[in-house]
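It should be emphasised that the depicted structure is a prediction, and the values quoted were computed from it without experimental measurement.
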Amino acid sequence: MTQRTRPGYGGTGPGAFTPDGCSVDLYTRLPVGDEPRIIADASPPGATLLELGCGAGRMTHPLVDSGLEVTAVDESAEMLAHVRGARTVRASIEELDLGERFDVVTLASFLVHSGLDGVRDRLLATCRRHVRDDGCVLIQREGADYHGGVPRERTLPGGLTIRITSVTPVGDGVDEVHAEYVWPDAVWTQTFLSRELGPEEFEGHLAAAGLAIDRVLTDDGIWVRAVPVTG
């Protein structure tokens with residue numbers, strides 16, 4: 001599969017990059033946050049789980065360790081080369097059709113906020129196509145005022161500083177976001193397109209895909225559990 005750079009997306013720094021501007025080397029270094037625990041707590045023990053956009057396995061590996069049976073999907077062969085303990089599939093999320101269904105499907109990394117026309121609905125359609133009727137889809141969305149309060153930064157354990165340096169409107173409700181990832185020995189940047197989604201708009205896209213919010217999983221509202229609408 002030929003990788004292509006998406007319009008409005010890009011990155012700089014050492015090593016290989018994915019079509020949406022993610023650095024492979026950076027993602028092998030990123031520390032693990034609370035996401036695997038949130039996902040594992042919302043999943044039945046030993047569930048089959050489809051991880052869409054797994055990257056270099058930052059969340060995959062702890063999910064496997066928690067006893068989940070993970071199928072990890074990414075369009076980057078360089079990312080997938082770092083994944084261990086899970087079945088891996090190289091594919092575009094929007095085009096994925098494995099012909100099977102899973103207890104849990106995850107759509108993390110704020111992918112639901114894609115700024116490209118039609119991509120969001122295709123991502124959610126993939127989620128619905130692969131989740132069992134009695135299963136769930138776990139979605140990570142942007143927190144409140146993600147597009148405001150810029151510039152801002154935070155420093156994580158291990159010395160990584162993440163900066164959102166600019167958020168620039170580019171039309172039709174889409175913003176160009178520029179981020180910097182600064183380690184003591186290396187610096188990466190990423191530019192991507194993001195659309196803010198109010199509650200009604202977010203739920204409308206879910207409904208169009210045959211999904212509905214079941215519950216909010218975190219106090220900040222970033223993680224939600226959606227379930228298939230049947231009947």
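- Using a 4.5 Å heavy-atom threshold, the side chains of R128 and D133 count as touching.
- Atom CZ of R225 and atom CD1 of I38 lie 14.5 Å apart (nearest 0.5 Å).
- The two residues V70 and A86 make their nearest non-hydrogen contact at O-CB, 3.4 Å.
- Taking CG of L124 as the reference point, atom CD1 of I139 lies at 5.5 Å (rounded to 0.5 Å).
- Pairs engaging residues 76-107 under the ring-ring contact (aromatic ring centres under 6.0 Å, His included) rule: none recorded [sequence neighbours left out].
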Could you walk me through whether T60 and E51 satisfy the side-chain hydrogen bond (donor to acceptor under 3.5 Å, both in side chains) test, starting with their C-alpha distance in whole Å, then the side-chain angles of each, then the deciding distance to 0.1 Å, before giving a yes or no?
CA-CA 8 Å; T60 315; E51 183 186 8; 2.6 Å; yes
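- Scanning both residues, R132 and D103, for their nearest heavy atoms gives CD-OD1, 3.1 Å.
- Of the listed residues (T106, V105, V104), just one forms a side-chain contact (heavy atoms from CB on, under 4.5 Å) with L50, and that residue is V105.
- L52 is not listed as a side-chain neighbour of L111, based on a closest heavy-atom distance of 4.5 Å or more.
- The neighbour count for D97 CG, taken as heavy atoms of other residues, nucleotides or ligands under 6.0 Å away, is above 12.
- With H130 contributing its side chain and L98 its backbone, the two residues share a donor-acceptor pair below 3.5 Å.
- Here OH of Y181 is found 12.5 Å from CZ of R163. Values are rounded to the nearest 0.5 Å.
- Closest non-hydrogen pair, L138 versus C136, comes out as CD2-SG, 3.9 Å.
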Test side chain to side chain contact (heavy atoms under 4.5 Å, CB included) on E153 and I162 and set out the steps.
CA-CA 5 Å; E153 70 176 49; I162 301 176; over 6 Å; no
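- Cluster membership check: V112 does not share its hydrophobic cluster with W223, using side-chain heavy-atom separations under 4.5 Å among Ile, Leu, Val, Met, Phe, Trp and Tyr.
- Side-chain N or O atoms of E176 include none that pairs as donor or acceptor with a backbone N or O of L193 at under 3.5 Å.
- Closest non-hydrogen pair, V24 versus S76, comes out as CG2-OG, 4.3 Å.
- Applying the ring-ring contact (aromatic ring centres under 6.0 Å, His included) rule to F110 yields the partners Y146; only residues at least two apart in sequence or on another chain are considered.
- With hydrogens and angles disregarded, a donor-acceptor distance shorter than 3.5 Å links the side chain of D74 to the backbone of G55.
- Across every non-hydrogen atom of L211 and A226, the tightest pair is CB-CB, 4.4 Å.
- Taken together through direct or relayed side-chain contacts under 4.5 Å among Ile, Leu, Val, Met, Phe, Trp and Tyr, W183 and V187 form parts of separate hydrophobic clusters.
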Is there a salt bridge (Lys or Arg N to Asp or Glu O under 4.0 Å) between R29 and D185 once you walk through the steps?
CA-CA 12 Å; R29 293 185 175 204; D185 63 337; 2.9 Å; yes
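- Of the possible polar contacts, one joining the R195 side chain to the D172 backbone as a donor-acceptor pair under 3.5 Å is found.
- Tracing side-chain contacts under 4.5 Å through hydrophobic residues (I, L, V, M, F, W, Y), one never reaches L217 starting from V227; they form parts of separate clusters.
- Summarising the geometry, atom OG1 belonging to T48 is positioned 6.5 Å from atom CD belonging to E69; distances are rounded to the nearest 0.5 Å.
- By the neighbour-count criterion of 12 heavy atoms within 6.0 Å, atom CZ of R129 is densely surrounded, having more than that number from other residues, nucleotides or ligands.
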Step by step, would you call H178 with Q190 a side chain to side chain contact (heavy atoms under 4.5 Å, CB included)?
CA-CA 6 Å; H178 185 77; Q190 184 179 11; over 6 Å; no
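- Y27 is not listed as a side-chain neighbour of C54, based on a closest heavy-atom distance of 4.5 Å or more.
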Given side chain to side chain contact (heavy atoms under 4.5 Å, CB included), test T165 with V177 step by step and report yes or no.
CA-CA 8 Å; T165 60; V177 181; over 6 Å; no
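- Using a distance-only test at 3.5 Å, with no hydrogens or angles considered, no donor-acceptor pair links the side chain of R152 to the main chain of I164.
- With sequence neighbours left out, R37 forms a side-chain contact (heavy atoms from CB on, under 4.5 Å) with D34, D41.
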Between V73 and R90, is a side chain to side chain contact (heavy atoms under 4.5 Å, CB included) present by the stated rule, with each step listed?
CA-CA 6 Å; V73 177; R90 186 186 178 199; over 6 Å; no
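- In terms of modelled atom types and a separation under 3.5 Å, the side chain of H113 and the main chain of E142 share a donor-acceptor contact.
- Salt bridge absent: D220 and R141 never bring a charged side-chain N and a carboxylate O closer than 4.0 Å.
- Here the side chains of I39 and L63 are in contact, with some heavy-atom distance below 4.5 Å.
- Annotation for L68 and P44: closest pair CD2-O, 3.7 Å, computed over non-hydrogen atoms.
- In this structure, CG on L206 lies 7.0 Å from CD on E203, to the nearest 0.5 angstrom.
- Ion pairing of E95 with R122 is absent here, as no side-chain N (NZ or NE/NH1/NH2) approaches a carboxylate O to less than 4.0 Å.
- Looking only at distances, a side-chain donor or acceptor of T28 sits under 3.5 Å from a matching main-chain atom of D25.
- A continuous path of Ile, Leu, Val, Met, Phe, Trp and Tyr side chains, each step under 4.5 Å between heavy atoms, connects Y9 with V119, placing both in one hydrophobic cluster.
- Listed for the W188 side chain is a donor-acceptor partner under 3.5 Å among the backbone atoms of P14.
- Of the possible donor and acceptor atoms, none in the side chain of S43 sits under 3.5 Å from a partner among the backbone N and O of A47.
- Going from atom CG of L96 over to atom CD of E75 covers 11.5 Å, rounded to the nearest 0.5 Å.
- Residues F202 and I213 meet the side-chain proximity criterion, which asks for heavy atoms closer than 4.5 Å.
- Both L107 and V131 are assigned to one and the same hydrophobic cluster, defined by single-linkage of ILVMFWY side chains at heavy-atom distances under 4.5 Å.
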